[in-house]
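Numbers for residues simply follow the sequence, beginning at 1. All heavy atoms count here, side chains included; hydrogens, waters and symmetry mates do not.
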Amino acid sequence: MYIAEGLGHGFISLEDHSTVIYLCSTGYNPAAEHEIDPFDQDLGIQWGLTREAALLSAKDGAAPSLAQARDNGLLPDYSQCKRHYDSLR
């Protein structure tokens with residue numbers, strides 16, 4: 001599966017012992033990452049399990065809701081995304 005740079009993504013494994021491997025176009029840049037609580041009701045994602053049953057990383061488990069991230073200025077705006085996209089071209 002290809003996920004373009006800058007797009008939000010999440011996954012759920014349906015089988016025990018699954019492995020996810022991914023490649024990045026640049027080195028790890030924690031300041032460029034934005035987490036959203038995957039169980040935020042406003043996202044409307046039906047994961048098929050509860051938050052308590054999920055194995056989340058500490059970072060994802062502490063992620064704010066979409067509304068909290070927006071209200072705290074944690075999400076990139078259109079101009080930031082466009083500058084990033086243009087820099088890749």
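Of the possible polar contacts, none joining the Trp47 side chain to the Phe11 backbone as a donor-acceptor pair under 3.5 Å is found.
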Subject >> Steps toward side chain to side chain contact (heavy atoms under 4.5 Å, CB included) verdict (Phe39, Leu56) >> reply: CA-CA 11 Å; Phe39 288 92; Leu56 296 173; 4.2 Å; yes
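Evaluation of the side-chain hydrogen bond (donor to acceptor under 3.5 Å, both in side chains) rule for Ser57 yields Asp60 as partners, not counting sequence neighbours.
With 3.5 Å as the limit, one finds no donor-acceptor pair spanning the side chains of Glu15 and Ser18.
Here the CD1 atom belonging to Ile21 is positioned 6.0 Å from the OG1 atom belonging to Thr19, to the nearest 0.5 angstrom. Rounding to the nearest 0.5 Å places OG of Ser65 at 8.5 Å from CG of Asn72. Here the straight-line distance linking atom CG of Asp77 with atom NZ of Lys82 works out to 13.0 Å at 0.5 Å rounding.
Put simply, the side chain of Glu33 does not reach to within 4.5 Å of the side chain of Pro30, judged on heavy atoms. Proximity of Asp37 to Leu43: side-chain heavy atoms (C-beta onward) are nowhere separated by under 4.5 Å. The closest side-chain heavy-atom distance from Asp40 to Ile45 is not below 4.5 Å. Taking the side chain as every heavy atom from C-beta outward, Leu74 and Pro64 approach each other to under 4.5 Å.
Crowding of Tyr22 atom OH: a count of heavy atoms from other residues, nucleotides or ligands under 6.0 Å not exceeding 12.
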